[in-house]
Every structure is written in structure tokens, then in C-alpha cells.
Amino acid sequence: MKDRISRSVLLSILAVGVMTFGGVTVETSMNITFPTLINEFHIGLNVVQWITTSYLLVLSSVIPISKFLKERYTVKSLFVFSGIMFLIGLIVDATAPSFAFILLGRIIQGIGTGIALPLMFNIILDNVPVSRLGFMMGVGSLITAAASAIGPTFGGVIVNTLGWRYIFIFLIPVLLIALALGIFSIPKINQNDLAKNRFDYGGFILVVITFFGLIIGISNISTADIISVNTLLPILIGIISLVIFIRIQSRKHQPLLNVNILKNSAYSKYLLAFFINQLIILGLAFVVPNYVQIINHSSSSVAGLILLPGAILGAIISPLSGALLDKLGAKKPILAGSGLIIISLLILTFSSSHISDGMFLALYSLIMIGIGLSYGNIMTKALSFLQNEIQADGNAILTTIQQFAGAIGTVIVATIITKVDNLNLGSATIGFAVALLFLLIIMIIQFVVVLTTRDKK
């Protein structure tokens, strides 16, 4: 019976998961609305991209303080606050009279999702028996993966039929149901004793500066020279801020975030593996539809449909791979998934001069099955190297890295393709080939990192 997961825990995970699902769905749906918003509000692409950039900046800034929030406030308080913020953000965007209000709504939503995303995994870590932990972490990964899969299709259908505002309108009743479910179930789960820690405002400011500098600087690479003030200055500011943050936090008795866990080499190696997985997901989400449309001259609808089966398969595999972790350990499913990704990327790289839509559909599906086998298990295994009392810090760092990789993944791959194409080497596919080669190389690095990391704590 001790391995049984209570109904209250399951309902709590579902409630927070639905909120997280909504946040990720809106994030991926809004990319489809860019052309419509540009025409409606008479703005440029560099302005409309702030819908995504501002949201990711807020997420990246809020998630690192999740450990402090977990220690300072009850799970119910955090859940209700995040839900209300997300709901307000949806209403602001659904009724936005100008683009400035859309940005305001996205920032408010970012606060809500930034609290909810690590909260879901903290509930799992605190309330699920060890024997079922892999499976439930897989379920958590399924929620975010499914939202990423459904988001672009959902956004495309809504924009083409009812209009972009209905992306937010349709999520309002869903969020209200999640709020009611959470308010009922969350008070019945295990709660940690609260501490009266003071909030580290200086540390938080350094976090904001770090991600603002890094994300803005890296994002500027696609529109400016790599060696330029617009690129190097914000990146330098971000790096300096990060170094100062780490040095100050490592000396504090009650840090905002326990960065000393990065000295745990096994955890840090799996953190790198997690970062690479996220880069692979975002990189391919850019390469595949653009190759299909630019090189194969297929429609955007075809490009979206090619991504959908693989994304759904990856989401379905996630909890099943977690069950494999519970029975076989983490390394076998992770290495099997990484190996499948490497083989598929190898075929794509050497076939890059002509990849048919059918080949993309098959190989992208195999890659996403590999992601499903490895993604949640990497996260679970990374946290297993940490003591229970510092797992909240480990979860905060993992989730922050996930968002940071999401913010820069597309930019890195797009920059590789653009810069190579500018060399005029005679073929439009060479840029895509180099991008695929880059993804293949970092995937091999991930495989080696996992393979050579010892299992014991």
C-alpha cells in the first residue's frame, strides 16, 4: 500500500499540470499569430517577437526563486496565486486594445506559469513513492511535451477560423476548472514546514539581469553580427551578473538558490544532458518545417502535420519510459533514446541534400520517441544524485535551464543556417546540413556524458 499514489496527490498533479499545460500551449500557439498581429497592430517582426521573448524572460526569472517560494508559502497559496495571475493575463490578452496590453498580459501569464511549472514537479517529488517516481515524472514531462505538440496546431486552427483572441478565451474556462480542482485537492497532500526566510532582492535582481542579458544578446545574433555591441554587450552583462550571483549565493547561509549543488559532478553532467535535449527539440522544431517549406516547397499545413505525429508519440512514450526507469534504472532508457536520436540525426545529416517529407515524418517521429525515452528520465536521474532537502534547488535549476534552452535553441539553429547561407556556397541545403550536423555533435556529447557518469550518489 505504501507504493500507492493517493487520489488527492493525483488530482493535485492534474490541477497544476493543466495550468502548466495552458502556459506552454499559449507559448507555442502565439508563434503562429505573428503575421496576423503584425498586420493588425502595424508593428515589425522585431517588435512582435517580444510576445515570446518577454514571456521567456519572466519565466526564466521567476523559476529560480521557486525553492524560496516552496519554503515560504503553502502549496495551496502558490497554486491559487499562480492560477489567478495566469487568469488575469488571459483576460488582459483576450481584451487587449493595443499591442502593449498583449505584452502586459504575456508578462502576467509568465509569472503564473513560472510558479506553476516547478510546483508540479515539487508536488511529485514530495508526495510520490520512490518506486513510482519515474512514472510520475514521465507524466509531468508528458504534460509539457503534449502542450508543445498541440500548441502550433491549436494556434493555427484558431487564428484561421475564429481569430487570435480565442486562443486566450478558450483557456479561461479550462483554467477555472483547474483552479477549482486544485483548491479541493491540494490541502490534502503533504506540506513541508514553512520557514520565515527573507527574500533576497539583490540575488533576484542579478537573476533578472543575467537572463535579460543572455537572452537579448543571443537573440540579437540572428539580426546583427556576432562580433557587435548589440550582441556582445548584453551577453557580457549577463555573464558578469551570473558570476556575481553564483559567488554571492555560494557563501550565503540561506541562499535564494543553492548553487553549490553544481559542485555535484553527476548532477551537473545530467543537467548538461537535459540542456542538450531541449536544444535538440527546439532546433528540430525550426529545421524540419523550414526545410519542408523552403526546400521541398510544401505548405505550412504539411510542415505542421509532419511535426505532429512525432510530438504526440514522444508525449505518449514519456510516462512509459518513466515506468522503465522504475524497473530497469535510468541509464538504459536514456541511452536507448539517445542512441535512437543519434542514428536518426546521422541519416538526416547525410541525406540533407534531399530529404523528402515522408523521410522527415518517419525520422522526426523516431527522434521524438528517443526524446520521450530520455527526457523525463534525465530529469529524474539528475535529482536522484541530490539529498531530499536540496531537490527543490535541483528542480529549480533544471526547470530554469529548460526555459533558457527554449529561449536560445531556435536562435542558435536559425543563426547557423543564415550565416552558412550568406556564404553563397551554391546550395540552399548546406545551411540545413550544418545545422543538423551541429545537433548530431551535441547529441553524441550527451550520449557520452550519460554513459560515463557513475550511478551511485
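As the structure is a computational prediction, the values presented were derived from the model and not from experiment.
- Across all their heavy atoms, Gly370 and Leu340 have their closest contact at N-CD2, 3.9 Å.
- Nearest heavy atoms, Phe168 versus Ala94: CB-CB, 4.0 Å.
- In plain terms, the two heavy atoms of Ile38 and Ile43 that are nearest each other are CG2-O, 3.0 Å.
- With ring centers used as reference points, Phe101 lies 6.0 Å or more from Phe99.
- Considering CG of Asp126 and OG of Ser12, their distance stands at 11.5 Å, rounded to 0.5 Å.
- Classified by interplanar angle (parallel below 30°, tilted 30° to 60°, perpendicular above 60°), the ring pair Phe68/Tyr73 is perpendicular.
- When side chains are defined from C-beta on, Met368 does not count as touching Leu313, because their heavy atoms never get closer than 4.5 Å.
- The aromatic rings of Tyr291 and Phe432 lie perpendicular to each other, with more than 60° between the two planes, well past the 30° mark.
- You'll find the side chain of Phe438 stays beyond 4.5 Å of the side chain of Thr349, heavy atoms only.
- Looking only at atom types and distance, the side chain of Asn277 has a donor-acceptor partner in the side chain of Ser374 under 3.5 Å away.
- Side-chain contact between Val243 and Arg247 is present, with heavy atoms from C-beta onward closer than 4.5 Å.
- Legend: residues meeting salt bridge (charged side-chain N to carboxylate O under 4.0 Å, His left out) with Lys252, ordered by chain and number and at least two apart, are Asp200.
- Looking at Leu284 and Val413, their side chains never come closer than 4.5 Å, going by heavy atoms from C-beta outward.
- Asp93 is not listed as a side-chain neighbour of Leu104, based on a closest heavy-atom distance of 4.5 Å or more.
- For the atom pair Ile397 CD1 and Gln402 CD, the distance stands at 14.0 Å (nearest 0.5 Å).
- Taking the side chain as every heavy atom from C-beta outward, Ile158 and Trp164 never approach each other to under 4.5 Å.
- Counted by atom type alone, Tyr267 and Ser384 present zero donor-acceptor pairs between their side chains at under 3.5 Å.
- Residues Phe79 and Met19 are in side-chain contact: their nearest non-hydrogen atoms beyond the backbone lie under 4.5 Å apart.
- Side-chain polar atoms of Ser265 and Ser268 form no donor-acceptor pair below 3.5 angstrom.
- A heavy-atom distance below 4.5 Å is not found between the side chains of Arg72 and Phe199.
- Summarising the geometry of Leu279 relative to Leu439, their closest heavy-atom pair is O-CD2, 4.2 Å, with the distance given to 0.1 Å.
- None of Ile115, Leu117, Leu87 except one satisfies the side chain to side chain contact (heavy atoms under 4.5 Å, CB included) rule with Ser82; the exception is Ile115.
- Using a 3.5 Å distance cut-off with no hydrogens or angles, the side chains of Gln446 and Tyr270 do not pair a donor with an acceptor.
- A donor-acceptor contact closer than 3.5 angstrom is absent between the side chains of Gln249 and Asn258.
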Problem - Derivation and outcome, side-chain contact (heavy atoms from CB on, under 4.5 Å), residues Leu206 and Ile248 - result: CA-CA 10 Å; Leu206 286 171; Ile248 292 175; 4.2 Å; yes
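- Taking the six-membered ring where tryptophan is involved, the planes of Tyr166 and Phe170 are tilted, since the angle between them lies from 30° to 60°.
- Of all non-hydrogen atoms in Val450 and Ala273, the two that sit nearest each other are CG2-CB, 4.0 Å.
- When every heavy atom of Thr95 is checked against every heavy atom of Arg165, the shortest pair comes out as C-NH1, 3.4 Å.
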